[in-house]
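Note sheet for the following structure.
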Amino acid sequence: MTQIACIELYHVRIPLDKPFYPSWIPGYPLRENRFDLVRVITRSGIEGFSAGPAIARERQGLGHLIAPYLIGHDAADIDLMLQRLREVSYLGVRAGWMEPAFWDIKGKFENKPVYELLGGRAGPVEVYASTGEIRNETSRVYEAEQRLGEGFKTIKIRVHDFDVETDIRHVRAVKDAVGDRMAIGVDANQGWRVTIINDAPLWDLSRARYFADACADMGIAWLEEPLPMDDYKSLAELTRYSRVPVAGGEIQTNGRAELKYMVEQKCYDIFQPDAVMTGGIAHALEVAEHCRAHGLKFTPHTWTNGIGFAVNLNVLLASGFNGVKPLEYPVNPPSWTVEKRDAILKKPFMHQRGVITPSPDPGLGFEIDGARLRKYGTRFFSMNKRKLMFYTIKEKGLFTALKINSNRKKYGVKSS
Ligand SMILES: [Mg+2]
């Protein structure tokens, strides 16, 4: 029933109304919400989806690398799927972002939301307004007032100036404006510094300490990614020192093993692995469990696109950490709006006064709008059993193709 019959990959480009300048890539205008979408279809017609953010066509070869080894396998066998994704990663392509699609299928097959399948319960989820751009003080204050008016109780702002005093001045301007009406998180985006267009500030421990002190004095709720993500020693030292909770871990490239080590080292007070970027839902939940065992907090990062938001919403609900810290809700009008973020979903994840009500629908809780996918997406890969057969013959020759097929059957892999 959940045997994989077909795999498709789409490149999706949703034009934004205005260019979006993410603080994490100084000087780089994003004119589109751009990502790759995987659609896995089972023999019985169940469809599972996931998405990974894209800069260009970096996943062009991924289909042929992985699909031949997934077709005919059971999509609901998550351990096997994770093994396949791991094998792909040996060759340098990180494919953990595809794992949620298998959970989507498993949930739909068992007629349960993924969070419920994983032992979580539905319940209101408080979200915080996560801004993405560096703005001047006046614009930042205006933005905070807007979000406050919409019902958000917490906002996250970005700092990325070469001068630490400018960063502090910006945070103070927002704090002075909203006072105790709104909690403020500050993201320094030092975890994975990018300098492809403009140079970017590079923090060291002494700057991070100085800034953390200023944040503590202003009553800031948390400080995010104040140092390079692999400077474990300095992170642990800062976290011990800081009076403000230190958060991070969204894109740890070595996944759960690295994150669990960082939990043990207490590199952060709050761990924020993004399931789409650190190896999938199962691994993120292992990290959550490790956080609990070590007395630390957990709330996943969500800033990729609407599908990534849905994936991490399920992670939070399944983690048992819902209600401890608000969940990130990316919103940065006029460029990064909910409508553009979630443009290929039938129902965008709208908040009500800063609260999301999780969908009781089976799977990951969203439906893809087929017309929107056709409009914004280009299918760049599609493989089913028939195409796989021709592909294998072309690549390996008829004799070897038959041998491979018989070996797969012998080792228990049913062909669909
Ligand atoms: Mg962040």
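Counting starts at 1 for both ligands and their atoms, in listed order.
For a distance threshold of 2.8 Å, the protein N, O or S atoms nearer than that to the Mg ion (ligand 1), listed by chain and number, are Asp187 OD2, Glu224 OE2, Glu250 OE1.
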Solution key, residues 345-355 side-chain donor-acceptor pairs under 3.5 Å, sequence neighbours excluded:
unit_1 : atom_1 : unit_2 : atom_2 : d
Lys346 : NZ     : Glu367 : OE2    : 3.2
His351 : ND1    : Gly354 : N      : 2.8
Arg353 : NH1    : Gly149 : O      : 2.8
Arg353 : NH1    : Glu150 : O      : 3.4

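By the side-chain hydrogen bond (donor to acceptor under 3.5 Å, both in side chains) test, Arg181 is found to be paired with Glu145, residues two or more places apart in sequence or in another chain being considered. Shown here are the salt bridge (charged side-chain N to carboxylate O under 4.0 Å, His left out) partners of Asp36, two or more places apart in sequence or in another chain: Arg59.
Residues Trp336 and Glu133 have side chains that never bring a donor and an acceptor to within less than 3.5 angstrom of each other. A donor-acceptor contact under 3.5 angstrom links the side chains of Ser130 and Arg158, judged on distance only.
Taking the six-membered ring where tryptophan is involved, the planes of Trp192 and Trp24 are tilted, since the angle between them lies from 30° to 60°.
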